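Okay, structure first, notes after.
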Amino acid sequence: MREVHTDSIIAAVENLFIDANINLSQNVFDALSQAIEKEESSVGKEVIRELINNANIAKAEHMPICQDTGLAVTFVEIGQDVHVVGGMLTDAIAEGVRRAYQNGYLRKSCCDPFSRKNTGDNTPPIIHTHIVPGDTIKIVALPKGGGSENYGEVRMLVPSQGKEGVKSFVVEMVTKGGPNPCPPIIVGVGIGGNFETSALLSKEALMAPIGQRNPDPAIAAFEMEILDAINKTGIGPQGYGGTVTALDVHIKMLPCHIASLPAAVNIQCHAHRIKEITI
């Protein structure tokens with residue numbers, strides 16, 4: 001049994017959230033660069049150039065890409081042959097988040113739902129864990145902004161609505177959001193499972209690199225079909241009109257009950273901040 005001390009986890013989480021909020025990943029840079037070529041609107045092209053310029057300034061000046069540095073969402077894959085020592089895993093992740101938002105001068109966006117009183121350190125983090133084979137711990141940091149998160153939704157469709165029902169639902173949500181989620185967006189779609197797992201699937205779908213297709217050819221084709229429908233809405237970069245409303249659509253799917261067709265949409269803005277580490 002391999003031992004991993006919580007000090008390593010705290011340091012890793014702190015670095016991940018600072019890095020994610022400041023340094024846009026190359027995969028997203030590349031997708032935005034390619035989007036300039038695809039965008040037919042001259043205004044849309046200029047908007048995307050400014051988004052890239054903004055990300056470059058953030059990287060050069062070590063400043064957050066966006067003032068909304070998000071809720072601290074983490075996905076953790078824990079090898080079944082790992083023993084965490086020095087304290088609780090969840091406490092270590094929370095401490096890493098606390099240090100990241102304090103030492104990285106990142107905006108604390110976490111508050112009480114009704115009093116709106118800020119928790120002061122962007123905790124508690126949202127932690128999703130999976131037990132996997134092996135003796136390592138993989139941590140993915142996904143700072144999630146409120147503007148894009150507000151346009152996510154779970155809907156319990158009936159089985160007869162099928163693929164067309166799912167596509168209509170996704171396009172409806174993107175259209176409803178318009179410029180508010182800061183397009184060009186990335187769209188995560190969860191299909192199947194039940195009410196809560198479809199929501200989680202939609203967020204997990206956001207972790208796939210832009211341009212990577214679902215391994216199932218039929219689902220991969222469905223991703224492209226939905227992406228095409230979204231880009232025909234005309235919303236365009238930052239809502240100024242155009243042909244690139246979304247950079248990509250990713251689908252994750254599980255079997256579901258014979259009477260149900262759960263579907264969920266989770267939207268990520270153009271500042272698709274995601275970083276990972278394996279300890």
Side-chain angles (χ1 to χ4, degrees), residues 4-25 28 54-55 57-78 84-130 137-154 177 180-182 185-186 188 196 199-200 202-204 206-207 266-277 279:
V4 174
H5 198 279
T6 49
D7 287 348
S8 301
I9 297 168
I10 293 170
V13 171
E14 178 182 357
N15 290 333
L16 280 178
F17 275 97
I18 292 174
D19 185 23
N21 270 297
I22 292 173
N23 301 304
L24 197 63
S25 68
V28 184
N54 177 69
I57 292 172
K59 185 176 183 178
E61 299 191 6
H62 204 65
M63 297 174 66
I65 302 163
C66 176
Q67 82 282 355
D68 185 350
T69 52
L71 282 184
V73 179
T74 59
F75 289 89
V76 187
E77 292 183 0
I78 308 165
V84 175
V85 297
M88 292 288 291
L89 172 65
T90 50
D91 291 343
I93 293 172
E95 181 59 24
V97 167
R98 188 175 291 112
R99 294 185 188 183
Y101 281 77
Q102 183 65 35
N103 299 335
Y105 302 100
L106 308 176
R107 193 186 80 181
K108 291 87 172 174
S109 302
C110 190
C111 71
D112 180 278
F114 291 123
S115 72
R116 313 309 292 178
K117 181 180 179 182
N118 200 296
T119 65
D121 56 8
N122 222 43
T123 69
I126 297 164
I127 305 171
H128 304 290
T129 57
H130 294 283
I137 299 176
K138 177 181 173 182
I139 304 172
V140 178
L142 183 73
K144 196 68 174 64
S148 57
E149 188 77 349
N150 286 348
Y151 292 92
E153 190 170 301
V154 175
N180 296 312
C182 294
I185 55 178
I186 297 96
E196 71 270 18
L200 185 55
S202 70
K203 185 148 286 175
E204 288 178 346
L206 294 175
M207 294 192 290
N266 199 242
I267 293 175
Q268 182 69 304
C269 68
H270 67 84
H272 181 33
R273 298 161 296 187
I274 183 169
K275 291 294 170 76
E276 67 176 59
I277 189 172
I279 302 171

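Heavy-atom basis, side chains included; hydrogens, waters and symmetry copies ignored. Note that this is a predicted model, so its numbers are computed, not measured. One is the number of the first residue; the rest follow in order along the sequence.
The two residues Ile22 and Ile65 come nearest to each other via the heavy atoms O-CG1, 3.6 Å. The shortest heavy-atom contact between Phe17 and Val73 is CZ-O, 3.6 Å. Scanning both residues, Pro181 and Cys269, for their nearest heavy atoms gives O-CB, 3.1 Å. Nearest heavy atom pair, residue Ala199 against residue Val154, reads CB-CG2, 3.6 Å. The heavy-atom pair separating Arg273 from Asp68 by the smallest distance is NH1-O, 2.6 Å. The minimum heavy-atom distance linking His270 with Leu24 is given by the pair O-CD1, 4.5 Å.
Looking only at side-chain heavy atoms (C-beta outward), Pro124 and Cys110 come within less than 4.5 Å of each other. With contacts defined as side-chain heavy-atom distances shorter than 4.5 Å, the pair Leu142/Gln268 qualifies. The shortest side-chain heavy-atom distance between Ser148 and Ile185 does not fall under the 4.5 Å cut-off. No side-chain heavy atom of Asn180 sits less than 4.5 Å from a side-chain heavy atom of Asn150. Residues Glu276 and Thr74 are not in side-chain contact: their nearest non-hydrogen atoms beyond the backbone lie 4.5 Å or more apart. For the pair Glu149/Lys203, a side-chain contact is recorded, criterion being any heavy-atom separation below 4.5 Å from C-beta on.
Rounding to the nearest 0.5 Å gives a distance of 13.5 Å between CG of Asn54 and NZ of Lys59. Annotation: the span from Asp7 atom CG to Glu95 atom CD amounts to 10.0 Å, rounded to 0.5 Å. Note that CG of Asn15 and CD1 of Ile10 are 12.0 Å apart. Values are rounded to the nearest 0.5 Å. The CG atom of Asp91 sits 10.5 Å away from atom OG1 of Thr123, with the distance rounded to the nearest 0.5 Å. In this structure, NZ in Lys275 is found 9.5 Å from CG in Asn21, a value given to the nearest 0.5 Å. Here the CD1 atom belonging to Ile279 is positioned 4.0 Å from the CD1 atom belonging to Ile139, to the nearest 0.5 angstrom.
Counted by atom type alone, Asn23 and Asp19 present one or more donor-acceptor pairs between their side chains at under 3.5 Å.
At least one donor-acceptor pair under 3.5 Å links the side chain of Asn118 to the backbone N or O of Lys108. Distance alone, capped at 3.5 Å, places no donor-acceptor pair between the Thr129 side chain and the Val76 backbone.
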Subject >> Audit row: Ile127, Leu89, side-chain contact (heavy atoms from CB on, under 4.5 Å) steps and yes/no >> reply: CA-CA 10 Å; Ile127 305 171; Leu89 172 65; over 6 Å; no
**OP:** Step by step, work out the side-chain contact (heavy atoms from CB on, under 4.5 Å) result for Asn122 and Leu106.
**Re:** CA-CA 9 Å; Asn122 222 43; Leu106 308 176; over 6 Å; no
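A ring pair (Phe, Tyr, Trp, His ring centres under 6.0 Å) check over residues 108-130, counting only residues at least two apart or in different chains, returns the pairs Phe75-His128.
Exactly one of Leu206, Ile126, Thr69 qualifies for a side chain to side chain contact (heavy atoms under 4.5 Å, CB included) with Lys144. That residue is Leu206.
More than 12 heavy atoms of other residues, nucleotides or ligands lie within 6.0 Å of CD in Glu196, so this atom counts as buried by the packing criterion.
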